[in-house]
Amino acid sequence: MNPIWNMARKEFCDGLRNRWLLAISLLFAVLAIGIAWLGAAAAGQLGFTSIPATIASLASLATFLMPLIALLLAYDAIVGEDESGTLLLLLTYPLGRGQILLGKFVGHGLILALATVIGFGCAMLAIALLVDDVELGVLLWAFGRFMLTSTLLGWVFLGLAYGLSSLCAEKSTAAGLALGVWFFFVLVFDLALLALLVVGKGQFNPQGLPWLLLLNPTDVYRLINLSGFDTGTPSIGVMALGTDLDLPPHLLWACLLGWVALPLALAYALFRRRAA
């Protein structure tokens, strides 16, 4: 474990030196506190509304931000080392490629986890201190689940970023593909599913369509965070399909964990085939 931890510590220190942890934490804190108090402004209300509404709004925000931040954090993890000449040096050390990859994942994962807890934890603390009659148990449970799933979502896209970085020969190519991956999972996938619903006009199996949500980690993430709450408003878009997905919560968690493991395993396979 020492080689893995040394690599993780190096990546974590690089993140501190480059102000990644500070920048992500501040971004999450400002946006989360703003949404907690101004999320219902469109409905003519100001101030904190409810825990379910706040979590739903924060989950929608994190669906866009977490994948993008994770991809930007790690898209050059392998190809950047190769272009700078340090990858060849790393491979001369008594380090396996799996140890290098896992060490980078632990370091980047810690940065994302700490930024998530610090940033969104500030919003939770502000609600606990400033809102009267808030149920602290429900608040801790809801935000704890939200922060844990947000971290896992970020780890999914860290694995995808490592795969792209292992596949590409140039940083610019990896950056372009990373943006493409973000567009696909965050925007294009759900739009394609909606188009399938509209164009199909009932010709597709209605029992099978909700299962397609499991092919997108961002949809699995939203299903976990929206389950167990009565937000008072019906689900719209592809999330309406989630009401027909008869899966217990622990299977949704298992699916999200599977999404963390699968890209990381694929990245390892690509890294092993990459020439130093």
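FYI, side chains are in, hydrogens and waters are out, and symmetry mates aren't considered; it's all heavy atoms of this structure. When a residue number appears, it is its place in the shown sequence, counting from 1.
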Where N216 and W259 come nearest, the two heavy atoms and their spacing: N-CZ2, 4.2 Å

With E81 via salt bridge (charged side-chain N to carboxylate O under 4.0 Å, His left out) - residues at least two apart: K10, K104

Straight-line distance of M124 CE to T54 OG1, nearest 0.5 Å: 13.0 Å

Side-chain heavy-atom pair L266, L262 within 4.5 angstrom cut-off: no

From L214 atom CG to L256 atom CG, the distance as rounded to the nearest 0.5 Å: 11.0 Å

Side chain to side chain, M7 and L102, heavy atoms closer than 4.5 Å: no

L89/T92 under side chain to side chain contact (heavy atoms under 4.5 Å, CB included): CA gap, chis, key distance, verdict: CA-CA 5 Å; L89 179 63; T92 62; 3.9 Å; yes

Short side-chain to backbone donor-acceptor contact, N18 and D14, under 3.5 Å: yes

Ring pair (Phe, Tyr, Trp, His ring centres under 6.0 Å) partners for F120, two or more places apart: F28, F146

Nearest atoms (heavy-atom pairs only) where T86 meets S84: OG1-OG, 3.1 Å

Distance-only side-chain donor-acceptor flag, Y221 / S150, under 3.5 Å: yes

Euclidean distance, I100 CD1 relative to E11 CD, rounded to 0.5 Å: 10.5 Å

Shared hydrophobic cluster, F143 / V30 (ILVMFWY, side-chain heavy atoms < 4.5 Å): no

Spatial distance of atom CG (L148) from atom OG1 (T116) [nearest 0.5 Å]: 10.0 Å

ring-ring contact (aromatic ring centres under 6.0 Å, His included) partners of residues 64-86, not counting sequence neighbours, each pair once: none

In one Ile/Leu/Val/Met/Phe/Trp/Tyr side-chain cluster, 4.5 Å: L167, L264: no

Stepwise side chain to side chain contact (heavy atoms under 4.5 Å, CB included) test for L87 and R274: CA-CA 11 Å; L87 179 60; R274 184 186 181 92; 4.2 Å; yes

Closest contact, heavy atoms only, V138 versus I51: CG1-CD1, 3.9 Å

Stepwise side chain to side chain contact (heavy atoms under 4.5 Å, CB included) check, R145 with W253: CA-CA 11 Å; R145 183 177 66 169; W253 280 93; 3.6 Å; yes

Distance, nearest 0.5 Å, that separates CG of L223 from SG of C255: 9.0 Å

Same apolar cluster: F105 and L101, side chain cutoff 4.5 Å: yes

Contact summary for A77 and H108, nearest pair of heavy atoms: CB-CE1, 4.2 Å

Side chain to side chain, L27 and I69, heavy atoms closer than 4.5 Å: yes

L58 versus A32, closest heavy-atom pair with distance: CD2-CA, 3.6 Å

With a 3.5 Å cut-off and sequence neighbours excluded, list the donor-acceptor pairs that the side chains of residues 169-178 form with protein atoms.
none

Just distance, no hydrogens or angles: give the donor-acceptor pairs under 3.5 Å from side chains in residues 151-158, sequence neighbours left out.
unit_1 : atom_1 : unit_2 : atom_2 : d
T151   : OG1    : M147   : O      : 2.9
W155   : NE1    : G109   : O      : 3.2

Separation of L21 CG from L112 CG (nearest 0.5 Å): 9.5 Å

CA sep, side-chain torsions, deciding dist, call: F271, Y162, side chain to side chain contact (heavy atoms under 4.5 Å, CB included): CA-CA 8 Å; F271 188 30; Y162 296 144; over 6 Å; no

Test item: S25 side-chain N/O and I118 main-chain N/O as donor-acceptor pair under 3.5 Å: no

Nearest non-hydrogen partners of V220 and L213, listed with the distance: CG2-O, 3.9 Å

F12 side chain near V106 side chain, heavy-atom distance below 4.5 Å: no

Cluster link L257 to L110, ILVMFWY, side chain under 4.5 Å: yes

Residue list, side chain to side chain donor-acceptor pair (under 3.5 Å) with R9, at least two apart or on another chain: N6

Connected via hydrophobic side-chain network under 4.5 Å: V117 and L114: no

Identified side-chain contact (heavy atoms from CB on, under 4.5 Å) counterpart of P67 within the set L72, V181, L160, T218: T218

